[in-house]
Participant: 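Handing you a structure now.
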Amino acid sequence: MAAGLCYADLAGMLREAASLLQANRDLLSQLDSATGDGDHGTTMSLVAAAILESLEAVTPTAQALLESAGWSVLSVDGGSASPLVGSFLLGMAEGCPPSSELSGGDLAAALESGLAKFRAQTPAQVGDKTMLDALAPAVEAARVAASQGLPPDRALARAAEAARHGAESTTSLQAKYGRARNLGPRSIGSADPGAVSISLLFRGFHAALAANRTPPLQER
Amino acid sequence: MAAGLCYADLAGMLREAASLLQANRDLLSQLDSATGDGDHGTTMSLVAAAILESLEAVTPTAQALLESAGWSVLSVDGGSASPLVGSFLLGMAEGCPPSSELSGGDLAAALESGLAKFRAQTPAQVGDKTMLDALAPAVEAARVAASQGLPPDRALARAAEAARHGAESTTSLQAKYGRARNLGPRSIGSADPGAVSISLLFRGFHAALAANRTPPLQER
Amino acid sequence: MAMKKFINDPANLTVELMEGMALAFGGRIRLDSGKLVFRAQPKPRDKVALVTLGGAGHEPALSGFVGRGMLDASVVGEIFAAPAAPKVFQALKAVEREAGTLLVVLNHSGDVMSSNIALEMARKQGLHVRSILTHEDIAPGAGAPASERRGLVGCVPLYKVAGAAAEEGFDIDRVCAVAERFNRNMATLAVALRTATHPSTGQAIFELAEDEMEIGMGQHGEAGTGSMKLLTADETARAMLDRLLEAVQAKAGDKLLVVLNGAGATTLMELFIVYRAVHRILTERGIEPVSPLIGEYLTVQEMAGFQMCVARMDDELVRLWQAPCDTPYLKVC
Amino acid sequence: MAMKKFINDPANLTVELMEGMALAFGGRIRLDSGKLVFRAQPKPRDKVALVTLGGAGHEPALSGFVGRGMLDASVVGEIFAAPAAPKVFQALKAVEREAGTLLVVLNHSGDVMSSNIALEMARKQGLHVRSILTHEDIAPGAGAPASERRGLVGCVPLYKVAGAAAEEGFDIDRVCAVAERFNRNMATLAVALRTATHPSTGQAIFELAEDEMEIGMGQHGEAGTGSMKLLTADETARAMLDRLLEAVQAKAGDKLLVVLNGAGATTLMELFIVYRAVHRILTERGIEPVSPLIGEYLTVQEMAGFQMCVARMDDELVRLWQAPCDTPYLKVC
Ligand SMILES: Nc1ncnc2c1ncn2[C@@H]1O[C@H](COP(=O)(O)OP(=O)(O)O)[C@@H](O)[C@H]1O
Ligand SMILES: Nc1ncnc2c1ncn2[C@@H]1O[C@H](COP(=O)(O)OP(=O)(O)O)[C@@H](O)[C@H]1O
Ligand SMILES: [Mg+2]
Ligand SMILES: [Mg+2]
Ligand SMILES: [Mg+2]
Ligand SMILES: [Mg+2]
């Protein structure tokens with residue numbers, strides 16, 4: 001069994017996710033222009049900045065780190081994205097054991113707790129063209145991977161892949177929540193910006209670990 | 001000595017002047033756009049309509065006709081043009097003898113009285129790029145013609161010619177009054193719309209008589 | 001990228017505009033933490049407090065209505081973006097009182113989520129807070145579920161009637177009842193003629209052809225129910241009013257409040273011309289117009305267009321609507 | 001030609017907008033002969049009356065300020081065009097009183113000529129009428145003769161202080177003295193960013209390049225003192241305020257009223273950002289800002305830009321400025 005996630009790993013994951021989101025600022029705003037109000041890139045940049053800022057402060061545990069990041073994100077004046085992403089991170093903190101190293105199972109439990117807190121903010125379901133279309137399959141993939149005894153990095157690789165698929169799937173969906181809902185059928189044909197952000201988040205989580213360790217051969 | 005102006009002549013003069021002003025609505029607005037607020041054509045159309053309306057009512061004398069036209073014009077909500085043109089017509093009425101036929105001298109006296117009332121409304125002088133640059137020379141030409149014993153139609157031919165010259169002369173002048181003043185030297189290069197209106201007015205006065213009578217050969 | 005607006009750094013818009021507003025109305029409002037607006041002279045603590053939240057860029061909304069007879073506090077987000085939950089909680093905490101607080105939330109997902117989180121925080125701390133969600137946009141159909149209908153300018157008269165009730169000393173149940181009654185009986189439609197420039201990005205927030213208008217627009221550039229050929233003022237008034245009257249089921253004998261809210265570039269001249277048509281149609285139908293509100297109250301930058309909001313009024317609502325209030329951008333003497 | 005405005009027939013704009021306004025404020029104003037606006041409840045006849053006149057298309061100016069504490073009557077012309085002299089006379093006649101009437105005229109040649117003719121008619125009939133000419137535009141230079149300086153938004157605070165004086169029962173000499181003192185101590189500059197559509201003709205009323213602004217614009221599209229590159233809000237505020245403060249010779253210790261009057265499409269957001277800069281500069285120089293007026297008071301259709309008006313205030317002027325008034329578009333409670 002491979003190594004669990006230590007505090008530094010988690011910090012690296014958050015840092016990498018934040019950088020990826022910032023690097024894709026214009027893409028995200030463009031996607032939001034098509035179906036919403038065009039500010040999602042700006043908001044996710046602020047969300048990313050909040051995550052990076054929380055990494056500056058010294059926090060004792062992985063759980064404390066996630067909680068601090070969650071609060072920072074929640075404190076961004078950022079339309080829908082900040083309460084959703086903030087709640088997800090806070091939920092992860094709540095579901096995170098106080099241990100110094102997280103196993104694949106611990107990670108999956110944290111992600112599932114994050115998903116639950118995310119769901120508490122919105123009645124949206126999978127298929128409604130929101131962040132959830134990327135988030136739910138990502139968490140599910142991590143859960144399955146953990147149940148198969150895979151370590152965190154492998155679990156996150158699958159989760160990132162699932163999130164990417166999920167985000168792509170939103171292109172053909174009609175929005176049921178958020179500003180895009182007002183477009184009705186005209187919302188079809190463009191990916192949901194929030195789902196793309198979630199997929200970037202998981203891509204960042206995984207990339208941080210992949211950069212640190214020998215990349216597992218069976219994953220791309 | 002040729003015939004004087006009867007009531008019908010005067011009515012015809014006013015009618016012709018009004019039609020000419022209406023026909024040149026767009027030109028006048030265009031000129032006003034260059035140096036003012038672009039509404040001079042609209043306003044002069046209303047002024048013309050007011051003149052035409054006053055011709056509908058039965059008035060006993062030429063003087064009463066001019067007074068009625070003057071009040072109608074003055075009652076138009078028309079920026080600067082209506083008090084100026086209205087005062088000119090009212091002044092003409094004041095200077096008009098109660099006789100049933102106006103001689104060249106009578107006409108000149110009426111015009112001079114009109115000019116005086118016009119001048120009472122504004123401190124503008126000849127050369128300030130206003131209506132006065134057409135009006136003053138027109139009245140002066142009529143006065144000289146009358147003093148030479150010329151009949152009204154010949155006097156108006158010269159007045160119309162002088163008004164035309166006067167209006168043209170405004171192109172190279174810098175505006176000292178009205179909205180065009182705010183442009184300073186940038187007002188040079190475009191004719192003053194008000195002066196062009198006055199020249200149309202005199203052209204109409206003359207054309208009405210020329211249409212009724214054999215055109216004098218020595219005038220164009 | 002030079003934007004044709006009188007701004008400095010696009011990143012500092014909200015902070016600077018709030019500073020300017022606070023300096024301008026120094027004796028009347030107080031700015032806290034940059035984005036919380038309170039009355040300079042707080043309402044007595046035995047009266048119900050009224051709090052709201054929303055993005056910036058809609059000035060004078062929402063903070064322009066903090067003052068006697070309307071709001072006690074307003075929580076400002078970023079341009080067109082909801083404020084964060086912790087700040088909403090901070091405002092609720094600041095006005096905390098036994099008499100209770102009513103939080104008025106416009107139905108936009110960011111505002112709703114921030115509010116839910118803040119309300120949960122408030123409840124955990126034992127604050128006595130109730131909330132109400134405005135969702136009077138009938139663009140998706142008057143019968144569409146509340147969750148699918150946006151909160152538009154109707155929040156402003158709602159602040160007014162609920163604020164007057166609170167000022168009169170109504171207890172929290174009665175303030176909520178007034179607010180809910182008004183909320184149930186109002187409907188709004190927006191129409192747009194020309195786009196606006198998003199002041200942070202410099203981009204046009206939507207597109208419309210030169211001969212087109214769109215009924216059902218949102219207030220952040222979210223599209224409405226599709227563009228149509230330009231109508232005259234009278235035709236526009238009738239098209240919108242017909243749908244609104246049906247939505248609130250107004251009938252002869254009813255009293256009706258009309259709000260014509262300019263989006264930004266539409267002139268008061270136009271709003272008066274539209275109101276003339278509205279008033280005539282109401283009179284035709286035997287509906288009695290209550291003193292209307294006509295002007296710019298909740299704007300979308302320099303968008304050309306307006307929102308038409310109607311509310312069926314009972315006598316108590318009329319009285320509260322006409323009660324005195326004194327805020328920077330809405331006063332009844 | 002389809003214009004992108006909510007209008008019907010461009011030939012009927014003024015009539016329709018005035019009808020709409022009168023319907024909206026039925027209990028407060030009364031429309032006579034289509035273009036004369038009076039208070040619905042006239043001021044007692046032992047108090048001085050205040051009358052003004054001007055073109056339409058500038059809403060809420062001028063008729064939006066008819067009411068307690070400001071105007072008794074307003075005479076409306078056509079879009080951007082002065083009303084006719086006989087109508088001005090009719091208004092003066094209607095408010096005729098022993099206490100006297102003050103006619104406030106903005107320096108635009110049409111208004112001045114109509115007023116002069118009306119004043120002559122009034123005097124011939126023995127009416128007790130005085131007049132005052134506002135000409136506070138400093139675009140042609142603060143030292144330019146009064147006759148060359150336009151009357152801009154400064155008329156609005158002048159109505160306010162003179163109206164408050166009249167309401168307090170000042171006799172005609174004292175009302176005139178207040179008005180003249182305010183008039184002498186104010187100065188205005190306008191800045192434009194984008195043109196507006198003349199609602200009668202459908203034409204743009206002037207042109208400006210995408211990266212340019214113009215300081216010194218008039219309020220009907222008459223050009224100012226030349227275009228210049230776009231400045232930031234802070235730079236614009238400083239450039240304009242420097243000239244205005246010099247014009248009124250404001251110095252440390254003075255009290256200063258600032259009016260920021262949006263031209264139409266410029267947002268309140270921007271005006272707040274500009275006011276922030278203004279307030280800071282004043283504070284830097286030890287000048288005390290009196291409660292400012294920020295909003296759209298005298299507009300130029302949907303022109304983007306604003307007018308900045310300042311007035312050096314003495315204690316009496318401050319008191320009159322802050323005295324209660326209750327008109328459709330300016331209220332002090
Ligand atoms: N009610 C909701 N439930 C779930 N996700 C939502 C909801 N509203 C918005 N979102 C997500 O947020 C994204 C938009 O985020 P953003 O543009 O930052 O916020 P806003 O819509 O307030 O401008 C959408 O693409 C969608 O994924
Ligand atoms: N003070 C003035 N003295 C003399 N003529 C004037 C004056 N003001 C304007 N005019 C004349 O009026 C014309 C403009 O008329 P018009 O466009 O109808 O009025 P406005 O300038 O009010 O829009 C000018 O071209 C000029 O000839
Ligand atoms: Mg968005
Ligand atoms: Mg003109
Ligand atoms: Mg947004
Ligand atoms: Mg004009």
Side-chain angles (χ1 to χ4, degrees), chain C residues 2 4-8 13 16-21 23-25 27 56-57 59-60 64 68 191 193-194 199 210-211 213 230 232-234 236-237 264-277 279-280 289 291-292 294-296 299 301-302 304 306 324-326 329 331-333, chain D residues 2 4-8 13 16-21 23-25 27 56-57 59-60 64 68 191 193-194 199 210-211 213 230 232-234 236-237 264-277 279-280 289 291-292 294-296 299 301-302 304 306 324-326 329 331-333:
Chain C
K4 270 220 147 173
K5 300 207 181 215
F6 297 104
I7 58 178
N8 299 304
L13 292 170
E16 293 187 359
L17 89 89
M18 292 311 299
E19 272 182 34
M21 186 178 186
L23 290 170
F25 299 98
E59 290 64 36
R68 189 165 54 81
V191 58
L193 283 189
R194 283 188 205 279
E210 250 322 287
D211 58 345
M213 60 191 247
L230 206 60
T232 65
D234 287 357
T236 307
T266 285
T267 59
L268 208 44
M269 172 190 86
E270 292 160 84
L271 296 183
F272 287 150
I273 293 175
V274 170
Y275 183 72
R276 171 178 171 272
H279 193 101
R280 287 174 167 211
S291 43
I294 305 178
E296 293 182 355
T299 62
Q301 295 291 309
E302 80 286 13
F306 64 89
C325 73
D326 188 6
Y329 287 94
K331 295 182 206 292
V332 175
C333 301
Chain D
K4 269 219 148 173
K5 299 207 182 217
F6 297 104
I7 58 177
N8 298 304
L13 292 171
E16 294 186 358
L17 89 88
M18 291 312 299
E19 273 182 35
M21 186 178 184
L23 290 170
F25 299 98
E59 290 64 37
R68 188 164 55 80
V191 59
L193 281 189
R194 285 190 204 277
E210 251 321 287
D211 59 344
M213 60 189 248
L230 207 60
T232 65
D234 286 357
T236 307
T266 286
T267 58
L268 208 44
M269 172 192 85
E270 292 160 85
L271 296 183
F272 287 149
I273 293 174
V274 170
Y275 184 72
R276 171 178 171 273
H279 193 103
R280 289 173 165 211
S291 43
I294 305 179
E296 293 183 353
T299 62
Q301 296 290 309
E302 81 286 11
F306 64 89
C325 72
D326 188 5
Y329 287 94
K331 296 184 207 291
V332 175
C333 301

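Naming convention: chains lettered A, B, ... in sequence-line order (proteins, then strands); numbering from 1 in each chain. These numbers were taken from a predicted model, which means no experiment stands behind them.
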Participant: Report the residue from C:Val191, C:Leu230, C:Thr267 that forms a side chain to side chain contact (heavy atoms under 4.5 Å, CB included) with D:Phe6.
Facilitator: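 For D:Phe6, the side chain to side chain contact (heavy atoms under 4.5 Å, CB included) test succeeds with only one of C:Val191, C:Leu230, C:Thr267, which is C:Val191.
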Participant: Under 4.5 Å heavy-atom distance to chain C, tell me which part of D:Pro289 shows up: side chain, backbone, both or neither.
Facilitator: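 Nothing of D:Pro289, per the 4.5 Å heavy-atom cut-off to chain C.
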Participant: Identify the heavy atoms of D:Cys325 and C:Cys333 that sit nearest to each other, and give their distance.
Facilitator: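 Taking D:Cys325 first and C:Cys333 second, the nearest heavy atoms are O-SG, 3.8 Å.
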Participant: Looking at every heavy atom in both D:Arg276 and C:Gly20, which two are closest together, and how far apart are they?
Facilitator: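 Scanning both residues, the minimum pair turns out to be CB-CA, 3.7 Å.
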Participant: Decide side chain to side chain contact (heavy atoms under 4.5 Å, CB included) for D:Glu19 and C:Arg280; before the verdict, give the C-alpha distance in whole Å, the side-chain angles of both, and the deciding distance to 0.1 Å.
Facilitator: CA-CA 11 Å; D:Glu19 273 182 35; C:Arg280 287 174 167 211; 2.9 Å; yes
Participant: Below 4.5 Å from any heavy atom of chain C, which atoms of D:Thr299 appear? Answer side chain, backbone, both or neither.
Facilitator: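 Interface part for D:Thr299: neither.
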Participant: When rounded to the nearest 0.5 angstrom, what is the spacing between NZ in D:Lys4 and CG in C:Asp211?
Facilitator: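 The distance works out to 7.5 Å.
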Participant: Determine yes or no for a side-chain-to-main-chain donor-acceptor pair under 3.5 angstrom, with D:Asp234 supplying the side chain and C:Asn8 the backbone.
Facilitator: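 Between the backbone of C:Asn8 and the side chain of D:Asp234 there is no qualifying donor-acceptor contact (under 3.5 Å).
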Participant: C:Met269 pairs by side chain to side chain contact (heavy atoms under 4.5 Å, CB included) with which of D:Met18, D:Glu59, D:Glu16?
Facilitator: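 Filter result, single survivor: D:Glu59.
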Participant: For the atom pair CD (D:Glu296) and CD (C:Glu296), what is the distance rounded to the nearest 0.5 Å?
Facilitator: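 Nearest 0.5 Å value for the CD-CD distance: 4.0 Å.
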Participant: Are any of the side-chain heavy atoms of C:Thr266 and D:Glu302 separated by less than 4.5 Å?
Facilitator: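 The answer is no, as the side chains (C-beta and beyond) never meet within the 4.5 Å cut-off.
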Participant: What's the separation between atom CZ in D:Phe272 and atom CG in C:Leu13, rounded to the nearest 0.5 Å?
Facilitator: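 So the gap between those two atoms works out to 13.5 Å.
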Participant: State the NZ-CG distance between C:Lys5 and D:Leu193, to the nearest 0.5 angstrom.
Facilitator: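 Reported to 0.5 Å precision, the distance equals 10.0 Å.
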Participant: Under a 4.5 Å heavy-atom cut-off, does chain D meet the side chain of C:Pro324, its backbone, both or neither?
Facilitator: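 The answer is neither part of C:Pro324.
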Participant: For the residue pair D:Pro292 and C:Ala24, what are the closest heavy atoms and their distance?
Facilitator: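 For D:Pro292 versus C:Ala24, the nearest heavy atoms are CD-O, 3.3 Å.
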Participant: Relative to chain C, which of D:Arg68, D:His279, D:Met213 shows the most heavy atom pairs under 4.5 Å?
Facilitator: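 Of the candidates given, the most pairs with chain C belong to D:His279.
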Participant: Is D:Thr232 in contact with chain C via its backbone, its side chain, both, or neither, using a 4.5 Å heavy-atom distance?
Facilitator: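 Answer is both: backbone and side chain atoms of D:Thr232 are under 4.5 Å from chain C.
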